[in-house]
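Have a look at the structure below, then the notes.
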Amino acid sequence: MTHPVPPPAPRLTRAALDHGPLELAPRLLGLMLVHESDAGRVAVRLTEVEAYAGEGEDPGSHAFRGRTPRTSVMFGSPGHLYVYFTYGMHWCANVVCGPDGTAGAVLLRAGTIVDGTELARSRRAGSTRGRQPLADRDLARGPARLTTALGLDGAANGVDLCDPAGRVWLAPAPAPRAAPPAVVIRRGPRVGVSGPGGDAGRYPWRFWLDGEPTVSPYRPGVRRVRR
DNA sequence: GCTGCGATTGACT
DNA sequence: GTCAATCGCAGCT
């Protein structure tokens, strides 16, 4: 008995991702990030992203002070994932962009689950100790939540999103059944960035889909006070 | 080697 | 609204 071979999952090519962070960020909105693991597949439609530029030009970027072991992926070729660990417990995922040798990335801040909702919920429930029932809109609302829902962590750092055999990829937005709704993209200051990089006037580098319930409320960066 | 702190989240007042 | 959790990175001595 033969099994039908499923068609290859559509995924974005490297050329489609080969832009600077400010050009790529709004283009990522509405696309799907998919992770297929042994546990199953989760797909997230991206609703909120932030652009981070490179060495010496963006004080909010990890790459501002130059290449380090942690940020080397950001300096690599576009279309790879940059996943970093923060606050001692959270993973956040970026899409690397811009030409090889320059640092640029787009942080994936939020999305809505469009496939694998139950798997995403079980992953998120594990991280919240199951104390609160999780609404669908909260499953991938926030960069660390999105990463958790997709099942991504440090093992995904450096993964090539454009590898046809890869298990993490970006897919085009699903075709609307009827007339496409008017999509309004908004932009504003980045969330949680302290110091000059949080300057709302100079760095309005957060992009989101207007009206999406998964988008973060704005929170300025805070400098912790020593005690 | 030592120290400060972060592209966050969830719990709590 | 406030605050703690928790640890790797990067800057400094």
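Atom P of nucleotide dA11(B) and atom CG of D138(A) are separated by 12 Å, given to the nearest angstrom. Put simply, CZ on F85(A) is 14 Å from P on dA7(B), counting in whole angstrom units. As a whole-Å value, the separation of E48(A) CD from dT8(B) C1' is 13 Å. Rounded to whole Å, atom C1' of dC9(C) lies 15 Å from atom CE of M74(A). The interatomic distance linking R141(A) (CZ) with dA7(B) (P) rounds to 21 Å, in whole Å. Rounded to whole Å, the distance from NE2 on H90(A) to P on dG8(C) is 15 Å. Between R67(A) atom CZ and dC9(C) atom P there is a gap of 16 Å when expressed in whole angstrom units. Taking atom CG on D153(A) and atom P on dC7(C), their separation rounds to 15 Å, with Å as the unit.
R67(A) has no carboxylate O lying under 4.0 Å from a charged side-chain N of E55(A), or vice versa, which leaves the two without a salt bridge. Between E36(A) and R167(A), no side-chain nitrogen of the basic residue sits less than 4.0 Å from a carboxylate oxygen of the acidic one, so the salt-bridge criterion is not met.
Proximity of H62(A) to the phosphate of dC9(C): no side-chain N or O atom is located under 4.0 Å from OP1 or OP2. Within the 4.0 Å cut-off from OP1 or OP2 of dT8(B), not a single side-chain nitrogen or oxygen of T86(A) is found. In this model, the phosphate group of dG10(B) is approached by a side-chain N or O of R145(A) to a distance below 4.0 Å at OP1 or OP2. When the side-chain nitrogen and oxygen atoms of R124(A) are compared with OP1 and OP2 of dG10(B), one or more of them lie within a distance under 4.0 Å.
When the nucleotides dA5(C), dA10(C), dG11(C) are ranked by their closest atom to the side chain of R65(A), dG11(C) comes out on top. With dA10(C), dT8(B), dA5(C) as the candidates, the nucleotide lying closest to the side chain of R70(A) is dA10(C). Listed nucleotides dA5(C), dT9(B), dA7(B) differ in distance to R219(A); the shortest reach to its side chain belongs to dT9(B). Residue S61(A) places its side chain closer to dA7(B) than to any other of dA10(C), dT8(B), dA7(B).
For residues 152-161 of chain A, the pairs satisfying salt bridge (charged side-chain N to carboxylate O under 4.0 Å, His left out) are R14(A)-D160(A), with sequence neighbours left out. Counting only residues at least two apart or on different chains, no ring-ring contact (aromatic ring centres under 6.0 Å, His included) pair has a member in residues 16-40 of chain A.
For dA5(C), its base never sits under 3.5 Å from the side chain of Y87(A) at any donor and acceptor pair.
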Can you give me every donor-acceptor pair (side chain of residues 72-79 of chain A, partner residue at least two apart or in another chain, under 3.5 Å) with its distance?
residue : atom : partner : partner atom : Å
S72(A)  : OG   : P69(A)  : O            : 3.2

Side-chain donor-acceptor pairs of residues 88-95 of chain A under 3.5 Å, sequence neighbours excluded:
residue : atom : partner : partner atom : Å
N94(A)  : OD1  : L107(A) : N            : 3.4
N94(A)  : ND2  : Y82(A)  : O            : 3.2

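Other cluster members for F64(A): none, since no ILVMFWY side-chain heavy atom sits under 4.5 Å from it.
Put simply, Y84(A) does not rest on the base of dA7(B): the two rings are not both less than 5.5 Å apart at their centres and under 30° in tilt.
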If a pair means Watson-Crick or G-U wobble with both distances below 3.5 Å, what does DNA chain B look like in dot-bracket form, with | marking bases paired to a different strand? ||||||.|||||.

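The shortest non-hydrogen separation linking H62(A) to T71(A) is O-CG2, 3.5 Å.
Within the nucleic acid shown, G60(A) comes within 4.0 Å of at least one base atom, counting heavy atoms only.
Taking atom C1' on both nucleotides, dC3(C) is separated from dC5(B) by 16 Å, rounded to a whole Å.
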